[in-house]
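Data first, discussion second: the structure below is written as structure tokens.
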Amino acid sequence: MKKVIELIDVTKTYFTGAMEFSALKNVNLTVEAGDFLAIMGPSGSGKSTCMNILGCLDRPSRGRYLLDEKEVSTLSDSELAEIRNKKIGFVFQTFNLLPRTDAVHNVELPLIYSGAKNRKELAKKALDMVGLSDKYKNKQNELSGGQQQRVAIARALVTNPSLVLADEPTGNLDTKSGEEIMKIFVKLNQEGKTVVLITHEPDIAAFAKKTIHFKDGEIITR
């Protein structure tokens, strides 16, 4: 099976004045194509730092990160930005939608950066995938929390990424909406997408195929 993610002895250290803090300590992690992985752990455990590195938003202090079997930890900022746009779809707890822009235009945003020609068609197709074919023209204040998160998922999918990263994607939703969102991730995974999500809720992690737990910068259970 192809490896989508491979972390090899990854350490991330932050410095504040004379103080040194290791957010990650020699982490080794492999995620294969088609995996659905949940990352859990208490606040300060290292799970968010790990997610930032996986999303090419941060770099390891030491160690290697291979994405789709290509070394990315040594790439330039512009090269990392291109990888984020083409290979990774991000879903955040806070949706991050433009409030005065309709659903189609919100989903189009990553395509503007990539220079795609048929942006509107691709955006509508992505909204169809998450069950929002009747909400193309709706703005943020005309959508429920669950619908806003569906728009955010459509935006993450519109570039057809090989990896979907979700950071507490149900954190701002009620239980019913959260379950509906997780069913979308399950469906995406069944269709071949590799999904990695952060959650502190065991019932949300239960939707994943695998779960790992972080504590004090290390993976303690797999």
Side-chain angles (χ1 to χ4, degrees), residues 4-5 33-36 51-52 54-57 67-68 72 77-174 176-199 204 207-208:
V4 176
I5 287 170
D35 272 353
F36 187 170
M51 185 69 96
N52 286 339
L54 296 182
C56 297
L57 298 168
L67 177 62
D68 283 338
V72 296
D77 289 345
S78 60
E79 288 171 325
L80 289 175
E82 184 175 0
I83 284 174
R84 285 195 299 271
N85 190 252
K86 291 183 177 179
K87 288 183 175 289
I88 305 171
F90 294 94
V91 181
F92 300 98
Q93 179 176 348
T94 52
F95 317 141
N96 292 346
L97 302 181
L98 298 178
R100 290 182 291 278
T101 302
D102 65 31
V104 168
H105 284 92
N106 266 291
V107 174
E108 275 186 89
L109 285 175
L111 298 173
I112 294 171
Y113 300 121
S114 67
K117 305 293 185 190
N118 52 339
R119 297 195 299 264
K120 197 172 296 293
E121 177 187 334
L122 291 170
K124 288 180 177 179
K125 184 178 178 181
L127 286 165
D128 293 346
M129 289 173 63
V130 298
L132 290 180
S133 55
D134 60 338
K135 302 293 183 184
Y136 293 161
K137 295 298 183 182
N138 289 61
K139 296 179 181 178
Q140 184 174 12
N141 64 353
E142 299 168 329
L143 299 168
S144 68
Q147 289 169 338
Q148 290 179 52
Q149 190 62 292
R150 287 172 186 255
V151 174
I153 294 171
R155 182 183 57 198
L157 298 175
V158 75
T159 56
N160 193 29
S162 58
L163 175 64
V164 177
L165 299 179
D167 189 355
E168 298 280 6
T170 63
N172 283 343
L173 302 177
D174 60 72
K176 184 175 182 294
S177 298
E179 288 179 357
E180 291 172 351
I181 292 302
M182 290 310 301
K183 287 176 182 176
I184 292 176
F185 283 118
V186 169
K187 184 171 183 287
L188 292 171
N189 180 245
Q190 290 170 343
E191 292 170 352
K193 292 291 183 192
T194 305
V195 180
V196 178
L197 71 88
I198 284 180
T199 182
I204 295 299
F207 283 90

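None of the values given here were measured: they were computed from a predicted structure. We use all heavy atoms of the structure for the numbers below, so side chains are in, but hydrogens, waters and symmetry mates are not.
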Closer than 3.5 angstrom, by distance alone: can the side chain of [X] be matched with the main-chain N or O of [Y] as a donor-acceptor pair?
X: Arg155; Y: Asn96; value: yes
X: Gln148; Y: Thr94; value: no
X: Gln149; Y: Phe95; value: no
X: Asn106; Y: Leu98; value: yes
X: Arg150; Y: Ile181; value: no
X: Thr194; Y: Gly34; value: yes

Nearest 0.5 Å, please: how far is [atom2] in [Y] from [atom1] in [X]?
X: Thr170; Y: Phe207; atom1: OG1; atom2: CZ; answer: 9.0 Å
X: Phe92; Y: Leu165; atom1: CZ; atom2: CG; answer: 8.5 Å
X: Lys124; Y: Lys120; atom1: NZ; atom2: NZ; answer: 6.5 Å
X: Leu197; Y: Ile204; atom1: CG; atom2: CD1; answer: 8.0 Å
X: Asn85; Y: Cys56; atom1: CG; atom2: SG; answer: 12.0 Å
X: Leu80; Y: Lys87; atom1: CG; atom2: NZ; answer: 12.5 Å

Which atom pair, heavy atoms only, marks the closest approach of [X] to [Y]?
X: Pro161; Y: Ala156; result: CG-O, 3.3 Å
X: Val107; Y: Ala126; result: CG1-CB, 4.1 Å
X: Tyr136; Y: Asp128; result: OH-OD1, 2.6 Å
X: Leu54; Y: Ile88; result: O-CD1, 3.7 Å
X: Phe185; Y: Ala166; result: CZ-CB, 3.8 Å
X: Val158; Y: Pro110; result: CG1-CG, 4.0 Å

Open item on the list: Between Glu180 and Lys176 (salt bridge meaning N to carboxylate O under 4.0 Å), is one present in this structure?
Closed with: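 Lys176 and Glu180: salt-bridged.
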Task: Lys/Arg-Asp/Glu bridge criterion (N-O < 4.0 Å) met for Lys187, Glu191 - done: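 Result for this pair is yes, salt bridge flagged.
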- [ ] Answer yes if the side chains of Lys125 and Asn118 hold a donor-acceptor pair under 3.5 Å, and no otherwise.
- [x]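 Side-chain D/A pair, Lys125 to Asn118: absent.
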Pairing residues for [X] by the side chain to side chain donor-acceptor pair (under 3.5 Å) criterion, not counting sequence neighbours:
X: Ser162; answer: Asp68
X: Glu79; answer: Ser76
X: Asn189; answer: Lys209

Student check: side-chain heavy atoms of [X] and [Y] closer than 4.5 Å:
X: Leu67; Y: Ile83; value: yes
X: Phe90; Y: Arg84; value: yes
X: Met51; Y: Val196; value: yes
X: Lys135; Y: Leu127; value: no

- [ ] Let me see the working for Gln147 and Leu132 under side chain to side chain contact (heavy atoms under 4.5 Å, CB included), right down to the final yes or no.
- [x] CA-CA 8 Å; Gln147 289 169 338; Leu132 290 180; 4.1 Å; yes
- [ ] Under the side chain to side chain contact (heavy atoms under 4.5 Å, CB included) rule, what do Leu188 and Leu157 come out as? Steps first, then yes or no, please.
- [x] CA-CA 9 Å; Leu188 292 171; Leu157 298 175; 3.5 Å; yes
- [ ] Test Lys139 against Thr101 for side chain to side chain contact (heavy atoms under 4.5 Å, CB included), laying out the working first.
- [x] CA-CA 6 Å; Lys139 296 179 181 178; Thr101 302; over 6 Å; no
- [ ] I would like to know whether Val151 and Leu97 meet side chain to side chain contact (heavy atoms under 4.5 Å, CB included); could you show each step before the answer?
- [x] CA-CA 8 Å; Val151 174; Leu97 302 181; 3.8 Å; yes
